[in-house]
Amino acid sequence: MSLVPTRLVIVESPAKARTIAGYLGDDYVVESSVGHVRDLPQRAADVPEAFKGEAWARLGVDVDNDFKPLYVVSPGKKDVVRDLKRALKDADELFLATDEDREGEAIAWHLLELLSPRVPVRRMVFHEITPEAIQRAIDEPRDLDRRLVDAQETRRILDRLYGYEVSPVLWKMIRQGLSAGRVQSVATRLVVQRERERMAFTAAGYWDIEGTFSPEGALGTFDATLVQVDGARVATGKDFDDTGAVKTQGVRVLDEAGATGLVDDLGGASFAVRSVESKPYTSRPKAPFTTSTLQQESGRKLRFSSSRTMAIAQRLYENGHITYMRTDSTTLSDAALNAARSQILERYGREYVPDAPRTYTKKVKNAQEAHEAIRPAGDSFRTPDQLRSELDNDSFRLYELIWARTVASQMTDARGETVSVRLGATSATGTDAEFAASGRTITFPGYLRAYQEGRDDAEAGGDREDQERILPPLSEGGRLTAERLEPKGHETKPPARYTEASLVAKLEEIGVGRPSTYAATIGTIIDREYVWKKGSALVPSFTAFAVINLLETHFPDLVDYDFTARMEDDLDHIAGGEAEAIPWLNRFYFGNGHAGLKDMVTDLGVIDPRAVSSVPIGVDDEGRALVARAGKYGAYVARVPAPGAVGDDGQPAKEQTVSLPDDIVPDELTVERAIELLDAPAGDREVGVDPDTGLTVLAKNGRFGPYVQLGELVDGGEKPKTASLFKDMSVDTIDLDEALKLLSLPRVVGADPADGVEITVQNGRYGPYLKKGSDSRSLADERLLFTIGLDECLRILAEPKRRRGQAAPAAPLRELGTDPSTDLPVVVKDGRFGPYVTDGESNASLRKGDTVEEITIERASELLADRRARGPAKKKKATKKKAAKKKATAKKKATKKKAAAKKSAP
């Protein structure tokens, strides 16, 4: 028996375990919990038998018993827990080394509850994975922080109550599969509200004059813009409101004729410098990264999504390259300050090192200063070049960004001089025109030698902080020659849509959610198809409009920005021991002088599903309302008849509807576009009447392609029978016979003489096929569905079954080039679930808004990186119902086989 004590260290991730194990001796065993090991039950099947009869079991929270949560071992974690218990049996001491934030503290507590250790337990914490930091954590353990555990538990219970109570309302009023959440619903509302602003926006046109001038007796030219006419300031975009009206008094709005006429009047006029003003300027470096600013800046500079950024940062942290990546703090430790200042001195020189280290204060709501800022790990920083051979391309680029930002944050200010010039002339008709120009010179670059921050509005123009604009020597009264005068037209632009970076910034600004959860929040609203990406812009779906309409009308507090931010403050007070969790949850759920969540979902009042799902577009020339709606089978636009309107048949006029294309953007669905879609000849068409049922046969264009439908869709009624058109058919030309043939599918070909099992042919999601029992085979051509006979079906069934993809691979749809992140060639291919991009190692489906023709290598790289960040696709476990059905089918086949064998026996 070994006399050397064994210490068990438990962390969350296998990668973190491998790194730490390399720093500890043989008397330490490092294991991973692979994330959370316990949680509230996700499904009814997860609820233990002892609680299945409880009314609160669906929630997983006993709201009448101080909100006591019901915890169960997370799916797939039973083996992990068993292995950890086995490892603990041989240990003399247990170190819980999960992350030092709320989630990490909660994981440590759940491990403690599940493992029930009989050996001493230590809580070790660290914010970087280096040999020195790990040894310090071993030498200086602390107790489990129950306040952090309670704070995490309160948030988890709150989110469960919110999601499980409100989401069913969405299922009932809009459609199944939707979800509401404390942060995700507010994030969705922000995106929807921005789109509403864009839809209400009316562009205004305005003009000015741009000129190129040269000073008399000096070399060089410079550009200037007209800013004043006869003492009145010339209007620019900021002088108009969202309706296109002028909101600033006293400005002069130039139109094309006015600007062109003024250019003609100024021909030959004598221009002179009217004023020159020089000022020194100073630019200070930005603070080192927090979780939020890292996501924003990597989005701007590297075009990484928030989830991609956090996945890469997680790898960098677990491999010991950066400090902990979930933090609100801008503080740097003394060791980090010394490391940064030493590196600045070595690389840039004494003049770039300030007299004293810089300190930064967090200036957003709900800041938590518990951790250090995100920075390179260690007491001395490794440069990006020193790590290049160890890191993949994505990791290298993000590490370089973190390193540069950290070093720049401790460098001296950039200094320079700005020059503002006014110049003008009087036209032949006596009109006074004044132009403005500005210049900038950098006298000392300071921190700009290492880094400058990106901008969300880069497309709007303007200069970067490190960009100089040098004007030729100019003095007041100096004469100028106008080399060029050109009228320029402009148009005001609607508010820019949110990008992931700007949405993260907005959520942090208003104090909603936690930066550590923003990546998951954005991923959720994209996966739920509330939001899709057009380039880098986040576009809301009409389903998102419906959800937000309902929440704003019937649950206004739950999507109110200030209310949600106050909830964050309250949760922080609970974490800080300044408030108690149970009384707060009681007020939120049961109310206290106001309606609580329970009352809100119990007393909904009257909700009109059609009204909340409708987005007004406008009216047509006959006064009929045009609305877009989120329907059960996709978004559509409707033309609503006026009250009392009568159709050609003398009956009340019906709505006319047409499905909306998947990639249509809400603010581009104008009245004109809606009418175009509704009146398009390729829309719904009555093909004829089915003689057997008397129902009208319709040809339609749907979101998944053209199809025929038997009868109209009636609210509350069964879904009409439909059938997809063959590839060589058209909505405009299909006749009644062809339509009825399609609607007759599936067709029974006959029974197999060997066992009497029926053989059918049908058109499926992936093309035509024949089926016998649970056995199926693809057919080469759609027309075979109507012509193939029994003998041919038997011949095809006798052939070995080919898996999809066993044939020679089809040529790629497009070659996109080399992925900048992996250096692998990327192509677009057509798969069973639609087009996808692949680099030979990872595959990623194209998302809403992506097209084969327009997708770029940058977008493909983002999709592939997100796919890698989520890890390999998990195979869905068969449900008990499916397993039982499979077992019954196998038993039935075995019985038939046995009967056939008995029948054929002599």
Side chain proximity check, [X] to [Y], heavy atoms < 4.5 angstrom:
X	Y	result
Ile855	Arg814	yes
Phe201	Thr492	yes
Val615	Glu195	no
Val539	Pro666	yes
Arg196	Phe545	yes
Thr431	Val229	yes
Lys238	Thr248	no
Leu863	Asp850	yes

Phe240 and Tyr206 aromatic ring geometry - parallel, tilted or perpendicular at 30°/60° bounds: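 Parallel, since the angle between the ring planes stays under 30°.
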Between the main-chain N or O of [Y] and the side-chain N or O of [X], is there a donor-acceptor pair closer than 3.5 Å?
X	Y	result
Glu468	Ile442	yes
Asp264	Gly261	no
Arg375	Ala340	no
Arg497	Pro540	no
Glu508	Thr293	no
Ser861	Asp819	no
Thr291	Thr327	yes

Would one find more than 12 heavy atoms of other residues, nucleotides or ligands at under 6.0 Å from atom [atom1] of [X]?
X	atom1	value
Ile470	CD1	yes
Arg479	CZ	no
Glu854	CD	no
Glu197	CD	yes

Arg859/Arg847 under side-chain contact (heavy atoms from CB on, under 4.5 Å): CA gap, chis, key distance, verdict: CA-CA 10 Å; Arg859 174 62 174 155; Arg847 295 181 182 171; 4.1 Å; yes
Can you give each donor-acceptor pair under 3.5 Å made by side-chain atoms of residues 406-414, sequence neighbours left out, with the distance rounded to 0.1 Å?
residue, atom, partner, partner atom, Å
Thr406, OG1, Ile402, O, 2.7
Ser409, OG, Thr406, O, 2.6
Gln410, OE1, Arg358, N, 2.8
Gln410, NE2, Arg358, O, 3.2
Thr412, OG1, Glu351, O, 3.4
Asp413, OD1, Arg358, NH2, 2.3

Residues in side-chain contact (heavy atoms from CB on, under 4.5 Å) contact with [X], at least two apart in sequence or another chain:
X	result
Arg397	Leu302, Phe304, Asn393, Asp394, Ser821
Thr243	Asp241, Ala245
Arg673	Pro661, Ile664, Leu669, Thr670, Glu676, Leu677
Thr418	Lys279, Tyr281, Arg440

Donor-acceptor pair between [X] and [Y] side chains, under 3.5 angstrom:
X	Y	value
Ser307	Ser305	yes
Ser292	Gln296	yes
Thr225	Asp208	no
Ser427	Thr429	yes
Ser333	Glu372	yes

All ring pair (Phe, Tyr, Trp, His ring centres under 6.0 Å) counterparts of Tyr399, not counting sequence neighbours: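 Tyr399 satisfies ring pair (Phe, Tyr, Trp, His ring centres under 6.0 Å) with no residue once adjacent residues are dropped.
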Who passes ring pair (Phe, Tyr, Trp, His ring centres under 6.0 Å) against Phe289, sequence neighbours left out?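 With sequence neighbours excluded, Phe289 shows a ring pair (Phe, Tyr, Trp, His ring centres under 6.0 Å) to no residue whatsoever.
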Taking every non-hydrogen atom, the tightest pair across [X] and [Y]:
X	Y	result
Leu480	Ala272	CD1-C, 4.1 Å
Ala313	Ile322	O-CD1, 3.6 Å
Ser270	Ala425	O-CB, 3.2 Å
Phe396	Asp385	CE1-N, 4.4 Å
Thr309	Leu398	O-CD2, 3.7 Å
Gly430	Asp230	O-OD1, 4.1 Å

Please find out if less than 6.0 Å separates the ring center of Phe444 from that of Tyr352.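 They qualify: ring centres under 6.0 Å apart.
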For [X], side-chain hydrogen bond (donor to acceptor under 3.5 Å, both in side chains) partners two or more places apart:
X	answer
Lys534	Glu668
Asp242	none
Glu390	Arg382

The test is side-chain contact (heavy atoms from CB on, under 4.5 Å); show your working for Thr383 and Gln343 and say whether it passes. CA-CA 9 Å; Thr383 66; Gln343 205 153 65; 3.6 Å; yes
Counterpart residues, salt bridge (charged side-chain N to carboxylate O under 4.0 Å, His left out), relative to Lys533 (two or more places apart):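 Testing Lys533 for salt bridge (charged side-chain N to carboxylate O under 4.0 Å, His left out), a comparison that skips the adjacent residues, returns Glu500, Glu862.
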Think Arg194 forms a cation-pi with Tyr498, using NZ or CZ under 6.0 Å from the six-ring centre and within 45 degrees of its axis?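 Relative to the ring axis of Tyr498, which defines the angle, Arg194 lies inside both limits.
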Arg405 to Tyr451 six-membered ring, cation-pi geometry met (6.0 Å, 45°):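 Cation-pi check for Arg405 and Tyr451: fails.
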Step by step, work out the side-chain contact (heavy atoms from CB on, under 4.5 Å) result for Arg326 and Met310. CA-CA 9 Å; Arg326 283 187 275 274; Met310 294 308 292; 4.1 Å; yes
Which donor-acceptor pairs under 3.5 Å do the side chains of residues 481-488 make with protein atoms, sequence neighbours left out?
residue, atom, partner, partner atom, Å
Glu483, OE2, Ser214, OG, 2.6
Arg484, NE, Thr212, OG1, 3.0
Arg484, NH1, Glu486, OE1, 2.8
Arg484, NH2, Thr212, OG1, 3.2

Working to the nearest 0.5 Å, report the span between OG1 of Thr260 and CG of Asp265.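 Going from the OG1 atom of Thr260 to the CG atom of Asp265 covers 11.0 Å.
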With side-chain contact (heavy atoms from CB on, under 4.5 Å) as the test, would you mind laying out the steps for Leu471 and Val276 before giving the verdict? CA-CA 11 Å; Leu471 297 177; Val276 179; over 6 Å; no
